[in-house]
Amino acid sequence: MEKIQSDCPYPGCFFCVMKEANPSKRRASVLKFFRELPSQDDDGQVLPISGLWNTAMAHPNDPEFINLGIFECMSALIWKGLKNRRWLSHDQNIYIPYYAAHIIGSYTMNMEEFAERAVRAGVIPPLVELLRGRLTWVEQRVAVRALGHLATYPSTFPAVADHGEVLELAIQLASSSLEIVYSHFYQFVDRRIGYHCDLLTRGMGGVEMESRKAEEWASQLQCWSLQLINCFAFKSEFLHDICKADFLVKLPGMWGGLVNENSPAGVGLLRTICQSKLGRGHVANIPGVVEALCNIARSSDDWQYMAVDCLLWLVQDPNTCHKVIDRVASTLIDLANISMLGDYKKLGDTIVTVLQEYMQQYANSRNSISTHTKEQIDELLSSKQSLKLEKNMPKEDLHIKQAAALVVKLEGNSLFSSGNIAGAAAKYSEALALCPMKSKKERVVLYSNRAQCYLLLQQPLAAISDATRALCLHSPLNRHAKSLWRRAQAYDMLGLAKESLLDAILFINECSQSNDPDLSLKQNKVPDYAERLVKKQMRTAWLFREAALKHGGIHCEGEASDAFGQEADDSEWETASESDAENDATGEADDETEWKNDSQVSLPFRMIVGVAYVSRNNGTTCLSSVRVNRNKVVNWTEPAYRKPCKNGFQK
């Protein structure tokens, strides 16, 4: 290749080629460069490859390099790295297979036409070899990313599927990725491979940054594997391989962690599986998966609506409804007052309609539904009928009902203050029966108060139910701080760390953004009892926790903080002993006494390692992005999952 600039010491320098002013000469030189690069053994080859990587990331839809043979070049470079270990270990060539696979993934991310060109260029076989683990987990990560993009398009999916081992490898990788990254990189700081550290941090950080990025990349490795599996899950012929009980039962726990807020991960794949009759049959046969979907549906998870979809489809399917109705009915009833969730309008009405149709079809069938579930659904339908009647009811009558409910509520407050928690819960139930259905604000308070009572009565399931109902009635959805805190504690009582953590984080967010006069001077404060709960759940829900337990990074439950890098704090956080019952006789329960605490800490607090650079709260602005943005880690890769749409994942 000719020198473009006489002062450049490297003949055929790619960067000099790109400075050529004549477009025709530049294209000819680039074409020659791509053809000759795989056969050259000169030093410094990684520099132009890294430049191409930057270009692909910045301009993934630019067709210039596609037309000049970049896919053929990258494919040949990967093969060279796989077959010629002497070349791979020379100079900085160890970086080249990673960059090459990343470039393929970037250029096939958005354009089906580019994906077709990549397939014709033969990129799939070398990517599959990387997926096998022929090099390291770092190359596996970019290989599964690229294959996931290729599998997304109808025209290129068959080429990926023709390699029968791809699905099996993706399933294995989704199941073992966290353990692989932990044991091969995270666990032993002094054994970390140098080029892995360089790729993770770009030379911008030390050991702590390497560890944070390793956790993020491990999450991406798992989530991109799930995305690839998701493409297969839309095809019925692959569902038998995907819907194995030992794999399905793991999916709810594959949530991406706080470091990967853009990925629906396991619940996204479950949603795709539940779109098919065969998939619903497999899911319905695993009680643990159905129970996990119920927990996600009643949580602050961004992908709450996906779990709701799964539950509704299971109830609507005549082959699965009898297996799941007693387990999921109570969850759907708790969510029946949701007006809008994401892009779903009138979701609560849809839930009511589905349950009503079920009752009409199967209520009289033997063994189709338990008496308790039937009573719950009947109560829901009756409440909806009452709401319709209230529209024609005189305002005076509504005011009388409100006043009566207020009197009973105050009686409950009094009982609560005197320590009669069971009696207070009964009074709040009585007040709910009296309170007009359209008086949403009052019903939010009553449900939240009763959730408080159930917490103190050690009835976490009932507390979760009432807190969820309060959050669904509240406007905006899932933003009633006291109910979030109570549900976080209830989930903690059940040992559900992820659900508790997400609620606790959203509670802190609401606390920090409150307009309450009592908190106006404490906008940058976090209650220490909330901090302690988040600390505990961050340790328990840590992405590498299971791997650390297996490989000795955590020797017992009490040493989780050592692996997590945090100081253990076993002190109890403040329980829900501060009830709305402490309010005065006005009956208002909107004071925020529950947030007040003499000992508070200023944001940011070091313990929120993941929250410091993540937002994961139903489209709301998370505490982290507002309060600790200066700790935000720049993610130089694109989101780990394509944005979900109603029928799967957008291309």
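For clarity, every value in this text was computed on a predicted model and none was experimentally measured. Side-chain atoms are counted along with the backbone in the values below, which use heavy atoms only and exclude waters and symmetry mates.
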Asks: Working note: S175 + Q172, criterion side chain to side chain donor-acceptor pair (under 3.5 Å); need CA distance, chi angles, decisive distance, verdict.
Replies: CA-CA 5 Å; S175 302; Q172 293 174 358; over 6 Å; no
Asks: Would you say the side chains of Q304 and S299 form a donor-acceptor pair under 3.5 Å?
Replies: no
Asks: Do the two ring centres, one from Y195 and one from Y98, sit under 6.0 Å apart?
Replies: no
Asks: So, S211 and R192: side-chain donor and acceptor under 3.5 Å apart, yes or no?
Replies: yes
Asks: Ring centres of W53 and Y107 under 6.0 Å apart?
Replies: no
Asks: Is a side-chain N or O of T272 found less than 3.5 angstrom from the main chain of N230, in a donor-acceptor match?
Replies: no
Asks: Is the backbone of L68 close enough, under 3.5 Å, to the side chain of R27 for a donor and an acceptor to pair up by distance?
Replies: no
Asks: Does R132 make a cation-pi contact with W137 (under 6.0 Å, within 45 degrees of the axis)?
Replies: no
Asks: Kindly indicate whether the side chain of P252, heavy atoms from C-beta on, has any atom under 4.5 Å from the side chain of L293.
Replies: no
Asks: Report, as yes or no, whether the 6.0 Å neighbourhood of atom CD on E165 holds more than 12 heavy atoms from other residues, nucleotides or ligands.
Replies: yes
Asks: Will you find, in the side chains of H184 and R191, an N or O donor that is under 3.5 Å from an N or O acceptor?
Replies: no
Asks: With rounding to the nearest 0.5 angstrom, report the CG to CZ distance, L130 to R141.
Replies: 13.0 Å
Asks: Check the angle between the aromatic planes of F544 and W542 and answer parallel, tilted or perpendicular using the 30° and 60° thresholds.
Replies: perpendicular
Asks: Are the side chains of L178 and E215 in touch, meaning some heavy atoms are under 4.5 Å apart?
Replies: no
Asks: Can you see whether T156 engages E116 through a side-chain donor-acceptor pair at a distance of less than 3.5 angstrom?
Replies: no
Asks: Does NE2 belonging to H59 count more than 12 external heavy atoms closer than 6.0 Å?
Replies: no
Asks: Atom CD1 of I273 and atom CG of L239: how far apart are they, to the nearest 0.5 Å?
Replies: 7.0 Å
Asks: Go through it in stages, so that I can follow the logic: the residues are D343 and Y305, the test is side chain to side chain donor-acceptor pair (under 3.5 Å), and I'd like the CA-CA distance, side-chain angles, deciding distance and then a yes or no.
Replies: CA-CA 9 Å; D343 295 331; Y305 76 92; over 6 Å; no
Asks: Using a strict threshold of under 4.0 Å (side-chain N to carboxylate O), is an ion pair present between D241 and K235?
Replies: no
Asks: Before accepting this row, confirm whether a basic side-chain N of the pair K550/E546 lies closer than 4.0 Å to the acidic partner's carboxylate O.
Replies: no
Asks: Report the C-alpha separation of E179 and H551 in whole Å, then their side-chain angles, then the decisive distance to 0.1 Å, and conclude whether the side chain to side chain donor-acceptor pair (under 3.5 Å) test is met.
Replies: CA-CA 9 Å; E179 182 180 348; H551 290 273; 2.9 Å; yes
Asks: Can you tell me if E210 and T201 form a side-chain donor-acceptor pair at under 3.5 Å?
Replies: no
Asks: With a 4.0 Å cut-off on N to O distance, would you call K535 and E531 a salt bridge?
Replies: yes
Asks: Checking N61 now: which residues fulfil side chain to side chain donor-acceptor pair (under 3.5 Å) with it, not counting sequence neighbours?
Replies: N110
Asks: For F114 and F71, I'd like to know if the aromatic rings sit close, meaning centre-to-centre distance below 6.0 Å.
Replies: no
Asks: Take F157 and F232 through the test ring pair (Phe, Tyr, Trp, His ring centres under 6.0 Å) and record every step on the way to the result.
Replies: CA-CA 9 Å; F157 173 80; F232 284 86; 5.0 Å; yes
Asks: Whether the side chain of Q275 engages the backbone of F234 through a donor-acceptor N/O pair (distance < 3.5 Å, no angle test) should be reported.
Replies: no
Asks: I'd like to know if the side chain of N93 reaches the main chain of S89, judged simply by a donor and an acceptor atom lying under 3.5 Å from each other, with no hydrogens or angles considered.
Replies: no
Asks: Side chains of R145 and S106: do they bring a donor and an acceptor to under 3.5 Å?
Replies: yes
